[in-house]
Enquirer: 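Sharing a structure below in structure tokens format, with a few things to ask.
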Amino acid sequence: PMHPYTHALLSAVPIPDPSIEASRKRIILEGDIPSPSNPPTGCRFNTRCPKAEVGVCDVDEPPLKELEPGHWVSCHFPEVVQVV
């Protein structure tokens, strides 16, 4: 996963091992849920993204980039995160 929204979704999936589950960091999304009929400018996730930067994410829609062969992401600040 490279997009912050994917990180948040995967952090919500429970892990059956209690020791791993207890040490995991959950990502709780804050901010305004955008209206589907009137989406925000720039990145559609910018109102809830913990990595969003004013003047970048709220202005320019991120291009779809291939960061690894066959792995595409549409984010100004993608980050590879190891999912446990």
Side-chain angles (χ1 to χ4, degrees):
M2 296 181 185
H3 194 280
Y5 185 66
T6 308
H7 297 174
L9 288 174
L10 291 174
S11 80
V13 176
I15 299 212
D17 184 330
S19 61
I20 294 174
E21 181 67 20
S23 65
R24 285 183 52 207
K25 178 185 172 208
R26 298 278 168 117
I27 300 171
I28 307 299
L29 296 177
E30 297 177 1
D32 298 328
I33 298 173
S35 165
S37 62
N38 186 21
T41 59
C43 175
R44 300 300 185 239
F45 186 54
N46 84 71
T47 60
R48 302 191 75 202
C49 183
K51 295 180 172 270
E53 289 191 14
V54 175
V56 178
C57 301
D58 60 340
V59 175
D60 297 321
E61 185 172 342
L64 186 61
K65 300 179 271 193
E66 186 175 26
L67 298 181
E68 296 175 2
H71 197 141
W72 297 79
V73 64
S74 182
C75 181
H76 291 291
F77 307 105
E79 177 184 353
V80 177
V81 172
Q82 182 79 12
V83 176
V84 179

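Keep in mind the model is a prediction, meaning the values are calculated, not measured. Heads up: numbering here begins at 1 and tracks the sequence.
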Enquirer: Mind listing the closest non-hydrogen atom pair of Cys75 and His3 along with its distance?
Expert: CB-CD2, 3.7 Å

Enquirer: Provide the full list of side chain to side chain donor-acceptor pair (under 3.5 Å) pairs with a residue in residues 29-44, sequence neighbours left out, each pair given once.
Expert: Ser35-Ser37

Enquirer: Indicate the atoms forming the closest heavy-atom contact of Ser19 with Asp17, along with that distance.
Expert: OG-OD1, 2.7 Å

Enquirer: Does one hydrophobic cluster hold both Ile27 and Leu9, with members joined at side-chain heavy-atom distances below 4.5 Å?
Expert: yes

Enquirer: Quick one: ring-ring contact (aromatic ring centres under 6.0 Å, His included) pairs with a partner in residues 16-36, sequence neighbours left out?
Expert: none

Enquirer: Judged by atom type as modelled, is there a donor-acceptor pair below 3.5 Å linking the side chain of Arg48 to the main-chain atoms of Ile33?
Expert: no

Enquirer: Which value, rounded to the nearest 0.5 Å, describes the distance between Phe45 atom CZ and Leu29 atom CG?
Expert: 4.5 Å

Enquirer: Shortest non-hydrogen contact from Pro78 to Lys65?
Expert: CD-NZ, 4.2 Å

Enquirer: Which pair of heavy atoms, one from Lys25 and one from Ser11, lies closest together, and at what distance?
Expert: O-CB, 3.8 Å

Enquirer: Could you state whether Leu10 and Tyr5 fall into the same hydrophobic cluster, counting links through intermediate Ile, Leu, Val, Met, Phe, Trp or Tyr residues with side-chain heavy atoms under 4.5 angstrom apart?
Expert: no

Enquirer: Taking all heavy atoms of Pro63 and all of His76, pick out the closest pair and write down the distance.
Expert: CD-CE1, 4.4 Å

Enquirer: Over all heavy atoms of both residues, which pair between Glu68 and Glu66 is shortest? Give the atoms and the distance, please.
Expert: O-CG, 3.0 Å

Enquirer: Counting C-beta onward and ignoring hydrogens, is there a side-chain heavy-atom pair between Cys57 and Phe77 closer than 4.5 Å?
Expert: yes

